[in-house]
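The structure under discussion appears below in the form of structure tokens.
One-based numbering, in listed order, for ligands and for the atoms of each.
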Amino acid sequence: MERDTTGSAKLRELQARPGGLGFGRYFTDHMLVMDCEEGTGWQPPRIVPYGPLELDPAAKVFHYGQTVFEGMKAFKWGSDGQARLFRPLEHIRRLNRSCERMCVPPLDEATVLDAVQRLVALERDWIPEDPGTALYIRPFVIATEPLLGVAPSRTYRFVVICSPVGAYYEEGMHPVSIYVETEHVRAVAGGVGDAKTAGNYAAGLKAQEAASRLGCSQVMWLDGIERRYVEEVGSMNVFFRLGDEVVTPPLGGSILAGVTRDSIIRLLRDWGVAVRERTIAIGEVIEGLRSGALVEAFGTGTAAVVSPIGSLHWQGERLTVGSGGTGELSRRLYDALAGIQRGELPDAHGWMATVKPEC
Ligand code: COI
């Protein structure tokens, strides 16, 4: 398909609007589509103009939520003006792990990587270059079989759409307030908490509303059995700087294996910072805040990158984290990750995958 260079003009117009790009509001000109038919499996990818999908109202995705998604980012920099994807294979592998959990037939990783690269090459003019911006890529699979029996669908559609984005939170890199949810839970071990599937996010909306009423941007989830151990924060994994070490909840099946989480752990280890994946009780967090042992907390995610936590709302009390500002380690991690993604710092782990223009 011919590359249409009017993307950059449209992008400039969107960036000039009040509020700028925001997150996930605008979409590029094309999308990728692959269909899976019973018997023949996944068909070759097609890149088509961005537009509505026509689906049968009985399609299983509408009734039983058989669907998975991913989120990854592309950047553009350097004199060659080439696009770069951040750890695309890790995202595609996680997509397949989510598919496995949700009984969706796996996608061929090389085919998806090649097709996403072709889509990003085509949409290259839509990639914003200002600090804090990126092209957010949203792959997803939906169950399309029109049948109301509860069983895995026999047909699926895989779609990839792209959105030029700014910061996920209105606060940008400024500290967010987090509401600790003690009534509802997001997931339980053995459930689908470690799959990136729509229901996990729908299940969080009720608590998100309560958080918003209290002026908080996100919800901190506790474990589904004892409501005692910290799991994750809204759309992010969570880290605490406690004394001499950084701790983050372990991947026990109920939380998402964040690609950014993994990148942050590696960066911390590169710097010689002790980082431990271990269970952490909310009581320990609160005690750490009161005693001053807990000096920083931050969330990590593809959309949010590194997001400092300024305060926790716990059982009617608002507790400030550290000074309430952006902690020194959160800032250093954000700068390091954003620096690698924007080509300003060496990519020692080989995380950036260059997208060839002729893709
Ligand atoms: C991401 O960080 O890419 C996510 O998928 C979180 C999303 C809910 C915005």
Side-chain angles (χ1 to χ4, degrees), residues 21-27 65 67-75 85-99 101-102 112 116 120 127-128 132-142 158-173 176 178-179 181 186-187 192-209 211-212 216-221 231-239 248 251 254-265 298-309 330 333-334 337-338 341 351:
L21 291 174
F23 182 85
R25 280 192 214 143
Y26 308 112
F27 299 93
T67 175
V68 301
F69 72 96
E70 259 306 317
M72 62 177 127
K73 277 181 173 170
F75 303 84
L85 288 160
F86 182 71
R87 306 190 71 181
L89 256 183
E90 278 75 11
H91 284 284
I92 295 169
R93 289 184 183 136
R94 188 174 65 180
L95 178 78
N96 266 342
R97 291 201 299 275
S98 299
C99 284
R101 180 65 183 86
M102 301 301 289
V112 172
V116 168
V120 171
I127 306 178
T133 64
L135 186 71
Y136 184 79
I137 300 157
R138 172 53 64 87
F140 61 99
V141 185
I142 50 174
F158 172 61
V159 184
V160 184
I161 55 175
C162 302
S163 171
V165 298
Y168 182 68
Y169 295 112
E170 278 173 21
E171 293 93 328
M173 177 53 191
V176 290
I178 302 290
Y179 167 68
E181 171 64 58
R186 173 186 171 274
V192 294
D194 60 351
K196 216 159 163 58
T197 186
N200 286 334
Y201 296 80
L205 296 177
K206 193 89 188 149
Q208 179 66 44
E209 278 187 346
S212 301
C216 296
S217 331
Q218 283 273 338
V219 175
M220 179 176 286
W221 295 109
E231 297 245 300
E232 58 182 52
V233 171
S235 54
M236 306 184 287
N237 293 114
V238 65
F239 290 75
T248 190
L251 302 177
S254 58
I255 72 172
L256 199 73
V259 176
T260 310
R261 174 188 183 277
D262 177 72
S263 311
I264 291 298
I265 291 174
F298 54 90
T300 65
T302 297
V305 193
V306 174
S307 183
I309 298 175
S330 316
L333 284 164
Y334 177 88
L337 197 55
Q341 292 178 331
W351 286 336

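Heavy atoms of K196 found under 4.0 angstrom from ligand 1 belong exclusively to the side chain. Neither the backbone nor the side chain of K73 has any atom closer than 4.0 Å to an atom of ligand 1 (non-hydrogen atoms only).
Of the N or O atoms in A303, one or more lie within a sub-3.5 Å distance of an N or O in ligand 1. Of the polar atoms of S235, none of the N or O atoms is found under 3.5 Å from an N or O of ligand 1, judged by distance alone.
The aromatic rings of F23 and Y168 lie perpendicular to each other, with more than 60° between the two planes, well past the 30° mark.
Between R93 and the choices L95, N96, L89, the side chain to side chain contact (heavy atoms under 4.5 Å, CB included) rule is met once, by L89. Partner of E70 under the side-chain hydrogen bond (donor to acceptor under 3.5 Å, both in side chains) criterion, chosen from K196, R94, R138: R94. Among the candidates E232, M220, E181, the single residue satisfying the side chain to side chain contact (heavy atoms under 4.5 Å, CB included) test with R186 is E232.
Of all atoms in ligand 1, numbered sequentially from 1 with element shown, those under 4.0 Å from a heavy atom of G71 are 3 (O). Atoms of ligand 1 lying under 4.0 Å from any heavy atom of Y136, numbered from 1 in the order shown and given with element: 1 (C), 3 (O), 4 (C), 5 (O). Against a heavy-atom cut-off of under 4.0 Å, F69 is close to the following atoms of ligand 1: 5 (O). Atoms of ligand 1 lying under 4.0 Å from at least one heavy atom of Y168, given by number and element, are 9 (C).
Atom OG1 of residue T300 and atom CD1 of residue I264 lie 6.0 Å apart, to the nearest 0.5 angstrom. The CD1 atom of I137 sits 11.0 Å away from the CD1 atom of I161 when rounded to the nearest 0.5 Å.
The distance between the ring centers of F86 and F75 does not fall below 6.0 angstrom.
Protein heavy atom in closest approach to atom 8 (C) of ligand 1: Y201 CE2, 3.6 Å. Atom 7 (C) of ligand 1 has R138 NH2, 3.9 Å as its closest protein atom, hydrogens excluded (heavy atom only).
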